[in-house]
Amino acid sequence: QVTLVESGGGLVQPGGSLRLSCVASGFTASEFIFSDSAMSWYRQTPGKERELVARIITLSGNTKYGDSVKGRSTISRDNAKNTVYLQMNSLKPEDTATYYCTAHYESRTYWGQGTQVTVSS
């Protein structure tokens with residue numbers, strides 16, 4: 001059973017920064033290999049479609065960002081710690097959302113429970 005737990009959300013003023021973390025645990029090597037998984041961050045607000053924020057692919061470490069956060073966010077991973085990070089800078093009120101971590105491995109996608117980010121003065 002792969003469990004993803006996000007942390008690092010909270011209330012931040014416009015222009016501020018946050019670093020979200022997502023730790024994967026509870027799995028055996030036969031069912032999930034973190035370093036071989038594509039890790040992503042999505043966000044969602046009520047009434048809006050879920051939006052891809054950032055993705056980091058295994059091996060090459062290639063990254064992809066949603067247009068709304070491009071240039072303001074950086075996704076990274078520490079395979080030794082089974083952790084993926086999302087550094088967000090120059091936060092705007094429209095970044096307010098619940099942020100979800102996902103792991104995609106061998107045709108399966110696992111989701112975390114989400115962490116709330118609120119950008120407000």
Side-chain angles (χ1 to χ4, degrees):
Q1 180 70 24
V2 179
T3 300
L4 301 175
V5 178
E6 303 96 335
S7 62
L11 175 64
V12 62
Q13 293 188 342
S17 298
L18 279 178
R19 188 175 83 154
L20 306 183
S21 300
C22 172
V23 180
S25 65
F27 53 87
T28 63
S30 63
E31 65 180 335
F32 182 79
I33 300 175
F34 181 86
S35 59
D36 287 350
S37 66
M39 301 299 297
S40 303
W41 288 95
Y42 286 85
R43 68 186 184 186
Q44 189 164 25
T45 56
K48 292 187 178 181
E49 290 188 3
R50 187 169 56 207
E51 175 186 13
L52 173 68
V53 178
R55 176 172 294 138
I56 185 165
I57 303 171
T58 182
L59 296 178
S60 66
N62 283 349
T63 57
K64 176 181 179 179
Y65 295 93
D67 289 340
S68 59
V69 303
K70 201 172 293 183
R72 301 188 294 119
S73 298
T74 303
I75 187 170
S76 60
R77 64 193 300 162
D78 185 336
N79 291 332
K81 295 182 178 180
N82 295 331
T83 301
V84 63
Y85 305 97
L86 181 68
Q87 176 69 44
M88 299 189 295
N89 303 319
S90 303
L91 284 162
K92 306 174 183 180
E94 50 264 42
D95 293 317
T96 296
T98 302
Y99 285 71
Y100 298 92
C101 169
T102 75
H104 185 79
Y105 177 75
E106 291 192 343
S107 77
R108 292 188 176 184
T109 301
Y110 305 92
W111 288 79
Q113 84 290 348
T115 185
Q116 178 67 35
V117 171
T118 302
V119 184
S120 175
S121 55

Q) Can you find a heavy atom in the side chain of H104 that is under 4.5 Å from one in the side chain of T109? A)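 The answer is yes; the side chains approach within 4.5 Å.
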Q) Is T96 close to R43 at the side-chain level, that is, under 4.5 Å between some pair of heavy atoms? A)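 Not touching, per the 4.5 Å side-chain cut-off.
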[X] side, atom [atom1]; [Y] side, atom [atom2] - distance, nearest 0.5 Å:
X	Y	atom1	atom2	answer
M39	N82	CE	CG	9.0 Å
E106	I33	CD	CD1	7.0 Å
Q113	T98	CD	OG1	10.0 Å
L91	S73	CG	OG	7.0 Å
T102	R108	OG1	CZ	15.5 Å

Who pairs with [X] by side chain to side chain donor-acceptor pair (under 3.5 Å), at least two apart in sequence or on another chain?
X	result
Y42	R55
S121	none
N89	S17, Q87

(Q) By the salt bridge (Lys or Arg N to Asp or Glu O under 4.0 Å) test, which pairs, at least two apart or in different chains, include something from residues 4-32? (A)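 Passing the test, one end in residues 4-32: no pairs.
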Q.
Let me check something: do I75 and V23 share a hydrophobic cluster, defined by ILVMFWY side-chain heavy atoms less than 4.5 Å apart, either directly or through other members?
A.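 Not linked; separate clusters.
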**Q.** Common cluster, Y65/V117, ILVMFWY with side-chain heavy-atom separation under 4.5 Å
**A.**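 Y65 clusters together with V117.
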Q. Can you name the salt bridge (charged side-chain N to carboxylate O under 4.0 Å, His left out) partners of K92, sequence neighbours left out?
A.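 Counting only residues at least two positions away or on another chain, K92 forms no salt bridge (charged side-chain N to carboxylate O under 4.0 Å, His left out).
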Q: Applying salt bridge (charged side-chain N to carboxylate O under 4.0 Å, His left out), name anything that partners R72, two or more places apart in sequence or on another chain.
A: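 For R72, the residues satisfying salt bridge (charged side-chain N to carboxylate O under 4.0 Å, His left out) (neighbours in sequence not counted) are D95.
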Q: Not counting sequence neighbours, list each pair that qualifies as a ring-ring contact (aromatic ring centres under 6.0 Å, His included) and has a residue in residues 74-103.
A: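 Sorted pair list comes back empty.
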(Q) Show me the pairs that pass ring-ring contact (aromatic ring centres under 6.0 Å, His included) and involve residues 3-26, at least two apart or across chains. (A)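 Passing the test, one end in residues 3-26: no pairs.
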Q: Assess the side chains of S68 and E51: does a donor N or O sit below 3.5 Å from an acceptor N or O?
A: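 Yes, side-chain donor-acceptor contact under 3.5 Å.
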Q) Side-chain donor-acceptor pair under 3.5 Å between S120 and T118, yes or no? A)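 Per modelled atom types, S120 and T118 side chains form no pair under 3.5 Å.
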Taking only residues two or more places apart in sequence or in another chain, which ones pass side chain to side chain contact (heavy atoms under 4.5 Å, CB included) with [X]?
X	value
S7	S21
T45	K48, A97
V2	L4, F27, F32, Y110

Q. Who else is in L11's hydrophobic cluster (ILVMFWY, side-chain heavy atoms under 4.5 Å, direct or via others)?
A.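 Cluster partners of L11: none, it stands alone.
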Q. More than 12 heavy atoms of other residues, nucleotides or ligands under 6.0 Å from NZ of K81: is that the case?
A.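 12 or below, so no.
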Q. Taking everything shown except E94 itself, do over 12 heavy atoms lie less than 6.0 Å from its CD?
A.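 Enclosed: over 12 neighbouring heavy atoms sit under 6.0 Å from CD of E94.
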Q: Quick one: closest heavy-atom pair of S40 and L52, and the distance?
A: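 The pair with the smallest heavy-atom distance is CB-CD1, 4.1 Å.
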Q. Which atom pair, heavy atoms only, marks the closest approach of W41 to V84?
A.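 Answer, listing the atom of W41 first, then V84: CZ2-O, 3.8 Å.
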Q) After noting the C-alpha distance and the side-chain angles of V69 and M88, does the key distance pass the side-chain contact (heavy atoms from CB on, under 4.5 Å) rule? A) CA-CA 8 Å; V69 303; M88 299 189 295; 5.7 Å; no
